[in-house]
Amino acid sequence: MQKIILFMMFIFLALSIVSPSYAISLDDASSTQATDGWLWWMTNPFVVTIILCIASSGMVLQLFQPHFSFGGMISIFALFIFYVTHMIAGYATWQSIFILVLGILLLLLELILPGGIVGILGFAAIIISLLSSGTDTIHMAYAILIALIMAVLGMVILMKFFGKKLNMFNKMVLNDSTDTEKGYVSNKNRTELLGLEAITTTPLRPSGTAMLGNERIDVVTEGGYIEAHKKVTIIKVEGVRIVVRESHQE
């Protein structure tokens, strides 16, 4: 499975590099027109950095929410603005968007499959998609780095100063601990039975049953044989194991 995913990643990466981009196919007049006005402003490296920071911050907020909410919508809207404006300007292609979708699907798949390789491939696919969609690779690399730093700082602030927890991962991890403080015990240790006497209802060879008042209990001897209808004394309790010894007859 992992080899197939790696192979697909390399194929799509090769296609995005080898095939000519839409921006290169534009003539000088159309490319000049595309970079005029608001498109020039929206594809400016400084504005792109702000858009990616908004997208990463929204994703961080979404990770701390139990359901899809405002953070996820902000992140999707920011990425939508980035890709739409860069496609109109001729920098982004359908291949880069396809790689982005593939990366997101791999990240979601990482929530199901163990190992971490699928998640790394998904993250790499998203980075490749962003790098191939920008006006300049170096500027895009700086913008992505700043957005990642912003995301990490946001997570640290929410976790350290506001005590937030990652709700997305809490759904996949069992957080309830079965400790004695919450009333959980591995075996009920009935130490209050020590020293009490019971009457055997079956022969103990060395295990059997005995009556302790109106309660039937499973007991075991120290290794010897005790007949039925004999008085026995409880000398040891180890979880559900109750050890008895025949009482001395006076």
Side-chain angles (χ1 to χ4, degrees), residues 4-63 68-111 118-152 154:
I4 295 175
I5 295 175
L6 282 170
F7 178 77
M8 291 176 59
M9 286 292 300
F10 284 122
I11 290 296
F12 287 118
L13 179 59
L15 287 174
S16 64
I17 295 175
V18 174
S19 61
S21 66
Y22 179 70
I24 297 177
S25 63
L26 295 175
D27 54 24
D28 294 337
S30 60
S31 61
T32 302
Q33 182 180 1
T35 54
D36 285 341
W38 68 275
L39 275 180
W40 177 88
W41 188 81
M42 291 299 296
T43 56
N44 184 278
F46 179 76
V47 177
V48 168
T49 302
I50 295 177
I51 293 176
L52 294 184
C53 286
I54 293 175
S56 63
S57 299
M59 184 58 64
V60 168
L61 290 176
Q62 180 58 50
L63 291 176
F68 184 78
S69 57
F70 179 75
M73 291 188 290
I74 287 295
S75 181
I76 293 176
F77 181 73
L79 289 176
F80 177 80
I81 292 296
F82 170 82
Y83 278 97
V84 167
T85 55
H86 282 72
M87 281 197 72
I88 296 175
Y91 299 112
T93 64
W94 286 110
Q95 291 176 355
S96 60
I97 295 178
F98 186 83
I99 295 176
L100 172 71
V101 174
L102 178 64
I104 294 175
L105 291 177
L106 290 176
L107 287 179
L108 294 176
L109 193 61
E110 174 63 26
L111 301 180
V118 176
I120 294 175
L121 289 176
F123 182 76
I126 295 175
I127 298 298
I128 292 172
S129 175
L130 291 172
L131 288 174
S132 62
S133 301
T135 58
D136 183 83
T137 304
I138 296 179
H139 290 158
M140 279 302 303
Y142 281 121
I144 294 172
L145 179 61
I146 294 173
L148 291 176
I149 294 175
M150 179 72 68
V152 173

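Positions are given from 1 along the sequence.
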Enumerate, atom names and distances included, each donor-acceptor pair closer than 3.5 Å involving a side-chain atom of residues 135-144, sequence neighbours excluded.
residue: D136; atom: OD2; partner: I138; partner atom: N; Å: 3.0
residue: D136; atom: OD2; partner: H139; partner atom: N; Å: 3.1

Which residues share a side chain to side chain contact (heavy atoms under 4.5 Å, CB included) with [X], sequence neighbours left out:
| X | answer |
| --- | --- |
| V84 | F80, I88 |
| T85 | W38, L39, M42, I81 |
| I120 | none |
| I146 | T49, C53 |

For residues [X] and [Y], report the shortest heavy-atom separation together with the two atoms involved.
| X | Y | value |
| --- | --- | --- |
| S56 | A147 | OG-O, 3.1 Å |
| L106 | G122 | CB-CA, 3.5 Å |
| H86 | S133 | CD2-O, 3.1 Å |
| G58 | S75 | C-CB, 4.0 Å |
| S57 | M150 | OG-CG, 3.5 Å |

Once you round to the nearest 0.5 Å, how far does [atom1] of [X] lie from [atom2] of [Y]?
| X | Y | atom1 | atom2 | value |
| --- | --- | --- | --- | --- |
| I76 | Q62 | CD1 | CD | 8.0 Å |
| F77 | F70 | CZ | CZ | 10.5 Å |
| L61 | M73 | CG | CE | 11.5 Å |
| L100 | L105 | CG | CG | 9.5 Å |

Self-check item: From CA spacing to verdict: side-chain contact (heavy atoms from CB on, under 4.5 Å), V48, L52
Solution: CA-CA 6 Å; V48 168; L52 294 184; 4.2 Å; yes
Please list every donor-acceptor pair under 3.5 Å in which a side-chain atom of residues 123-131 meets a protein atom from a residue at least two apart or in another chain.
residue: S129; atom: OG; partner: Y83; partner atom: OH; Å: 2.7
residue: S129; atom: OG; partner: S96; partner atom: O; Å: 2.5

